[in-house]
A.B. asks: 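Below is one structure. I have some questions about it.
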Amino acid sequence: MSLVEARGLTKIFRRPEKDPGLRGSLKHLVQRRFKEFRAVDGIELSIEAGESVAYVGPNGAGKSTTIKLLTGILVPTAGTVRVAGAEPHTDRMVNARNIGVLFGQRTQLWWDLPVRESLALLRDMYDLSPAFYKQRLERLDEVLGLADLLPVVARKLSLGQRMRADLAAALLHQPKIVYLDEPTIGLDISVKDRVRQFLRELREDGTTLMLTTHDLGDIEDVCERIVIIDEGRKIFDGPLAQMKDRFARVRRMHLQLAEPTPAEKLAERLPDVEVIAGDSPTEVTVTFDRFTHTAGQIIAGVLDVVEVGELHLDEPAIEDVVRKVYAGELLR
Amino acid sequence: MRRTLRIYRRSLGAHLRAVLEYEADFWVLIVAGLLFQVLNLIFLSAVFAHVPALNGWSYPEAVLLAGTYGFVNGLGPLFFEGTWRLAGKINHGELDYPLTRPAPVLVQVVSGGIGLHGVGDLIGGGAMIGWGLAHSDIDWSPARIGGALLLLASSATILLSLIVVGNAASFWVGGNHPVFAMTLIRTGDMAKYPLSIYGVAVRATFTVLVPYAFISFFPASWLLDKESAWIGLLTPLVALYCAYLARLVFRHGLRRYDSAGH
Ligand SMILES: Nc1ncnc2c1ncn2[C@@H]1O[C@H](COP(=O)(O)OP(=O)(O)O)[C@@H](O)[C@H]1O
Ligand SMILES: [Mg+2]
């Protein structure tokens, strides 16, 4: 059996249906009406021990809700979850020791306590021995630079510091599987790099990772498998490379022209294609959809207007795919 | 159970250390708590300036009663302050992390803060109890002392349980503030006066429906050998019932928890 197994996982939220204004609110008090909303809809997911999975999709796709279902925070409306053999929302205590959780938007540190006290409380909850605790702190200090943060009260930490301390809190008990919901949100580049480096090391240590992110770098650096969801449904699940082939529709061609030519003139000849002038008047970049045009058609079109000196075709970028995923533009 | 208590103690200890960092606050809070008890006392004195006894309760006895209520009320902020943040936590989805940790959520919630004004209540209430006892006519025996301590512990259990029940109502009521719990606990303030001054409806409600009367009135009645003193001996049973109820309500509430969208 896989480490994580979700079958037909579904979560329906009930939202109050109110007419606007005070009158609507009063009416709602007497006559309660609710609208059902499927945030997660029949997700099938298996994660093997040691895998690292990127879980991506546009805002509101149901990523965080899935994580809350997998961690036992929410009770599924339908379907089943097993994590290391336990059902998270019923075997809470058992499950808790197997997993580490981080929601990038919120901290698990106690707001008015120094980081050191928060970590010590977690040590008590997870029954960590003094020796193990000390060794873990040293290890986490090495990779996250924790020592400086220990005496600081959580509310006084900067975002980057907070995220580092939160990572330490989530990983203190050395969980088998770690769920990270937007672990790099709002961080500047240097902290981001540090966090990614840390996640890579974690993966190399054999920890299973599942992370949601809006950041392509996170995905390319850390994950080998990607799961895409939209409107609560899974629309892709496979290796990163395969996703590129399947969804990377956009191709970019850089052309060196024999004589200066305005981009508009080429655009006239090439409808439905984006033509952008380059640094010099003899350079243009053409961006096209490989499902509607071939590279040959583009070259032929340009040759109708002007001779071409050199050309260069960009590799399909995962960036384009993921950007489209987040813009909700992916073809279904 | 021992493990749970240890986690509770450590968490409370950490918050205590954090609060003690702000020494100025520390004294302000304690004085505030004390002042509240002094106000109680002034009010009682004003009443007794006009009447020698209140439905059979002398001034020292009434002070003992109010002191007991004040003392027990000081335990809430000291030991269960975190409970008052439950509504906000539910509303902001802040039970997410506690639900992923290997410790009871109720314990994590309850120990999530400390209110030092409780110390003022304890000191003020304690002084009133002491003075009241010294000026009342009590037939002391080892059994009476043991009984008094048991009733005090039971009365504390009842109040803390009511705090949990009231705040757990937020799982159903929603909203950012514990309006229901506030109302519930502040209504209980009526129980710091001899219950016999109220009409039958209030007395019945406070005895059966919401057992405020068992927080101070019945235990004190037993100690002072008042009319129907035996009811005071039911206090431990009522306490067990309330503690059970608190656990039950919290558990059911937690099942309704739906986090918050992020
Ligand atoms: N606690 C909740 N109550 C009601 N609706 C919710 C709740 N949590 C999330 N939702 C809704 O479910 C959908 C999915 O949310 P979420 O899983 O947070 O999306 P994502 O993390 O992919 O951006 C959103 O439309 C959101 O508004
Ligand atoms: Mg999210």
Side-chain angles (χ1 to χ4, degrees), chain A residues 11-16 37 39 59-60 62-65 67-75 88-89 92-114 116-118 120-127 153-154 166 169-170 173 175 179 181-182 185, chain B residues 2-22 25 81-82 85 88-109 111-116 171-175 251-262:
Chain A
K11 181 68 188 181
I12 300 176
F13 288 116
R14 285 205 321 164
R15 283 180 178 163
F37 179 82
N59 272 329
K63 302 180 294 295
S64 300
T65 305
I67 293 204
K68 288 172 192 169
L69 290 166
L70 295 179
T71 49
I73 292 167
L74 292 175
V75 182
H89 64 277
R92 243 179 23 80
M93 297 285 185
V94 176
N95 184 56
R97 291 176 193 275
N98 292 329
I99 66 167
V101 189
L102 177 123
F103 293 103
Q105 319 239 23
R106 269 177 293 155
T107 182
Q108 78 156 312
L109 304 167
W110 281 261
W111 205 233
D112 25 345
L113 299 186
R116 184 195 305 283
E117 295 270 16
S118 282
L121 280 181
L122 291 171
R123 173 198 64 199
D124 293 336
M125 287 191 203
Y126 288 96
D127 302 304
V153 175
D166 250 311
H173 56 292
Y179 304 92
D181 193 357
E182 311 203 14
I185 189 160
Chain B
R2 261 188 42 207
R3 187 175 163 267
T4 306
L5 275 178
R6 192 185 69 222
I7 291 170
Y8 170 79
R9 209 184 61 226
R10 295 267 175 87
S11 172
L12 208 61
H15 284 96
L16 179 62
R17 283 194 291 282
V19 180
L20 290 181
E21 293 263 301
Y22 305 94
D25 282 10
E81 184 69 5
R85 301 188 190 160
K89 282 189 191 291
I90 295 170
N91 215 12
H92 296 124
E94 284 171 21
L95 292 181
D96 286 7
Y97 283 117
L99 277 164
T100 65
R101 297 182 190 133
V105 176
L106 181 56
V107 171
Q108 295 182 57
V109 167
S111 64
I114 194 161
L116 284 181
F171 281 115
W172 286 268
V173 181
R251 280 199 172 181
H252 274 270
L254 197 56
R255 259 185 244 154
R256 294 177 56 91
Y257 176 69
D258 245 357
S259 185
H262 270 290

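Basis for what follows: all heavy atoms, side chains included, without hydrogens, waters or symmetry-related copies. Chain A is the first sequence line, chain B the second, and so forth, proteins listed ahead of strands; every chain is numbered from 1.
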A.B. asks: Which one, K11(A), Q108(A), R14(A), leads in non-hydrogen pairs under 4.5 Å with chain B?
C.D. replies: Q108(A)
A.B. asks: With a 4.5 angstrom heavy-atom cut-off, is it the side chain or the backbone of R101(B) that approaches chain A, or both, or neither?
C.D. replies: both
A.B. asks: What part of P98(B) is in contact with chain A, defined as an atom under 4.5 angstrom from a non-hydrogen atom: side chain, backbone, both or neither?
C.D. replies: backbone
A.B. asks: For D96(B), check side chain to side chain contact (heavy atoms under 4.5 Å, CB included) against everything at least two apart and list the hits.
C.D. replies: K68(A), I73(A), F103(A), R106(A), Y257(B), S259(B)
A.B. asks: Going from OG1 on T100(B) to CG on L70(A), what distance comes out if it is rounded to the nearest 0.5 angstrom?
C.D. replies: 13.0 Å
A.B. asks: Go through the atoms of K63(A) and report whether side chain, backbone, both or neither lie under 4.5 Å from a heavy atom of chain B.
C.D. replies: neither
A.B. asks: Give, for atom CZ of R85(B) and atom CH2 of W111(A), the distance between the pair rounded to the nearest 0.5 Å.
C.D. replies: 13.0 Å
A.B. asks: Looking at M125(A), is its backbone amide N or carbonyl O close enough to the side chain of R3(B) to form a donor-acceptor pair, meaning the two atoms are under 3.5 Å apart?
C.D. replies: yes
A.B. asks: Relative to chain A, which segment of V107(B) carries a heavy atom at a distance below 4.5 Å: side chain, backbone, both, or neither?
C.D. replies: neither
A.B. asks: Counting only heavy atoms closer than 4.5 Å, note whether R123(A) contacts chain B via side chain, backbone, both or neither.
C.D. replies: side chain
A.B. asks: Under a 4.5 Å heavy-atom cutoff, which of G113(B), G112(B), G13(B), P102(B) has the most pairs with chain A?
C.D. replies: P102(B)
A.B. asks: Check whether D124(A) gets within reach of chain B through its side chain, its backbone, both or neither, counting any heavy atom under 4.5 Å.
C.D. replies: both
A.B. asks: Go through V153(A), D112(A), V101(A), D127(A) and name the one with the most non-hydrogen pairs under 4.5 angstrom from chain B.
C.D. replies: D127(A)
A.B. asks: Run the side chain to side chain donor-acceptor pair (under 3.5 Å) test against R92(A) and tell me which residues pass, sequence neighbours left out.
C.D. replies: none
A.B. asks: Of the backbone (N, CA, C, O) and the side chain (C-beta and beyond), which part of T107(A) lies under 4.5 Å from a heavy atom of chain B, both, or neither?
C.D. replies: backbone
A.B. asks: I'd like to know whether CZ of R251(B) has more than 12 heavy-atom contacts from other residues, nucleotides or ligands below 6.0 angstrom.
C.D. replies: no
